[in-house]
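Source: prediction; values computed, not measured. Sequence lines set the chain letters: A, B, ... in the order given, protein chains first and strands last, and positions in each chain run from 1.
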Protein chains: 2
Amino acid sequence: MTILKSTLISREPLEPQEAKWKRLVKTNYIDPNGVKRDWESAERQTRPSDSQVDGVGIVAFLNKESGTELLLEKQYRPPIDQVVIELPAGLIDPGETIEQTAVRELKEETGYIGVADQTSGIMYNDPGFCNTNFNMVYLQVDMSLPENQNPKPDLEDNEFITCFTVPVAHLHAELQKLESEGYAIDARVGSIAAGIEISKKLRI
Amino acid sequence: MTILKSTLISREPLEPQEAKWKRLVKTNYIDPNGVKRDWESAERQTRPSDSQVDGVGIVAFLNKESGTELLLEKQYRPPIDQVVIELPAGLIDPGETIEQTAVRELKEETGYIGVADQTSGIMYNDPGFCNTNFNMVYLQVDMSLPENQNPKPDLEDNEFITCFTVPVAHLHAELQKLESEGYAIDARVGSIAAGIEISKKLRI
């Protein structure tokens, strides 16, 4: 079992000339009434120049005899000093398609080999605050394949991730349990769980 | 019909001493192997000191004879220069409970009076990038009440929002249509729609 929790030392203001990965920007615009306004927001510096999106969020289904399970991750996130329950995800490398990024990141972060069968439109994480965005890619993981019997992640030095699976039907209850144990919940995962519960309740 | 689209003039770097709403921070931490590392991220400057969260996302159901509809908004967002399909949402004022914020913001942004019947745990929008977070509050809007017959929003000078409703069962298809018409899709709304579709497909 990988130990995931890091130890926060300090947090300090970041000067723009020191920042390598993120930046603050001011957008000047004219509102529908003709009034000139400005708006503060944050961006990644890493989006490839030929890409409209930063990265992918991966909905990976493990198809087992007992039912379909969703592959999730536990990852320490310094911005909130908590271990977060998240979808596998990653940034697009220059020249990659969205689906290539998803298959590569799933392999690197979890060891599983998946096949892309659906890609969403672009989704914006918090568009009043930042421009960060992603495509949600659905990957099917065939558990009968030899390469998915004993998956081995290939993590970077600064990545501390463990993956686990949850029966899709129990996602909401499982997230509540994990939150009560001290994990933070990513909004993409939490909102998928909300959608499943809404669907159940309204019998859609 | 309110005209929503603003006109982008320019985008420029934002210096920390000029920023009133957002900031960049550097987090120093020790990873599980004992290695000292740092991480860049962005934050709001507006979170009340007595609050763990920035704001609320509002899942407002309009209960009609024809079925349950979800209340959504179209709002111009300068960080991405697009009109975005979003949940009603807002930042917490000092001293407010989460549910008070949700009821107040729904009234201000859409004119509808809702009653809170469920509140999620805290969800993090993009925890590798920023600390922004929210509670998802479910509001029931009783359409038989006189005050919900002719709702009147009370928007700020710099808010250009129109609201509309979608039958919950058709959310995913409706978002695809709106995206094809040029609207951007917020990840919280898009992920709820994804959850509904997953639930349908797996017959949960």
Side-chain angles (χ1 to χ4, degrees), chain A residues 3-4 6-14 16 19 21-22 24-32 37 39-42 68 77-80 84 120-121 123-132 136 158 160 168-169 179 184-188 190-196 198-200 202 204, chain B residues 3-4 6-14 16 19 21-22 24-32 37 39-42 68 77-80 84 120-121 123-132 136 158 160 168-169 179 184-188 190-196 198-200 202 204:
Chain A
I3 296 169
L4 294 170
S6 293
T7 306
L8 180 72
I9 305 170
S10 64
R11 207 165 262 147
E12 60 193 83
L14 175 63
W21 303 93
K22 279 94 180 182
L24 288 186
V25 297
K26 185 167 80 163
T27 300
N28 300 296
Y29 65 103
I30 297 170
D31 80 14
R37 298 186 181 277
W39 192 274
E40 301 176 5
S41 64
T68 303
R77 292 300 196 173
I80 64 171
V84 187
S120 77
M123 298 192 202
Y124 291 85
N125 292 307
D126 194 3
F129 179 81
C130 58
N131 75 340
T132 72
M136 198 175 272
N158 64 347
F160 298 89
V168 177
E179 189 174 26
I185 308 298
D186 175 273
R188 282 73 56 104
S191 298
I192 289 173
I196 293 171
I198 289 168
S199 184
K200 279 188 205 173
L202 299 179
I204 290 167
Chain B
I3 296 170
L4 295 169
S6 294
T7 306
L8 180 73
I9 304 170
S10 64
R11 206 166 263 147
E12 60 193 82
L14 175 63
W21 304 94
K22 279 93 179 181
L24 288 185
V25 297
K26 184 168 80 165
T27 300
N28 301 297
Y29 65 103
I30 297 170
D31 81 13
R37 298 186 181 278
W39 191 274
E40 301 176 6
S41 64
T68 303
R77 293 301 196 173
I80 64 172
V84 186
S120 78
M123 297 191 203
Y124 292 85
N125 292 308
D126 194 3
F129 179 82
C130 59
N131 75 340
T132 72
M136 199 174 272
N158 65 347
F160 298 89
V168 177
E179 189 175 25
I185 308 298
D186 175 273
R188 282 72 59 103
S191 298
I192 288 173
I196 294 171
I198 289 168
S199 184
K200 278 189 206 173
L202 299 179
I204 290 168

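- Ranked by heavy-atom pairs under 4.5 Å with chain B, the first of P13(A), A194(A), G195(A) is G195(A).
- For chain A, the option among A184(B), G190(B), S191(B) with the highest count of heavy-atom pairs below 4.5 Å is S191(B).
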*asked:* Does S199(B) form a side chain to side chain donor-acceptor pair (under 3.5 Å) with S199(A)? I'd like the steps, not just the answer.
replied: CA-CA 7 Å; S199(B) 184; S199(A) 184; 3.2 Å; yes
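- For W39(B) against K22(A), the heavy-atom pair with the smallest separation is NE1-NZ, 3.7 Å.
- The contact between L202(B) and chain A is made entirely by side chain atoms (from C-beta outward), counting heavy-atom distances below 4.5 Å.
- Contact count against chain B (heavy-atom pairs under 4.5 Å) is highest for P127(A) among P127(A), A193(A), C130(A).
- In this structure T27(A) satisfies the side-chain hydrogen bond (donor to acceptor under 3.5 Å, both in side chains) test together with R11(B), sequence neighbours excluded.
- Of the listed residues I204(A), N28(A), V168(A), I185(A), the one with more heavy-atom pairs under 4.5 angstrom with chain B than any other is N28(A).
- Taking chain B as the reference chain and counting heavy-atom pairs below 4.5 Å, the highest number among K26(A), K200(A), R77(A), M123(A) is found for K26(A).
- Rounding to the nearest 0.5 Å gives a distance of 7.5 Å between CG of D126(B) and CG of D186(A).
- When side chains are defined from C-beta on, L24(B) does not count as touching P16(A), because their heavy atoms never get closer than 4.5 Å.
- Ranked by non-hydrogen atom pairs under 4.5 Å with chain A, the options R37(B), M136(B), E12(B), E179(B) are led by E12(B).
- Interface check for chain A: of the options A19(B), S10(B), G121(B), A169(B), the most heavy-atom pairs under 4.5 Å are formed by S10(B).
- Looking at V84(A), only its side chain comes within 4.5 Å of chain B, counting heavy atoms on both sides.
- Only the side chain of I198(B) comes within less than 4.5 Å of a heavy atom of chain A; its backbone N, CA, C and O stay farther away.
- When each of G128(A), S41(A), S120(A) is checked for heavy-atom pairs under 4.5 Å with chain B, G128(A) comes out on top.
- In this view, N158(A) satisfies the side-chain hydrogen bond (donor to acceptor under 3.5 Å, both in side chains) rule with no residue, not counting sequence neighbours.
- Contact annotation: the side chain of F129(A) never approaches that of N125(B) to less than 4.5 Å [non-hydrogen atoms, C-beta and beyond].
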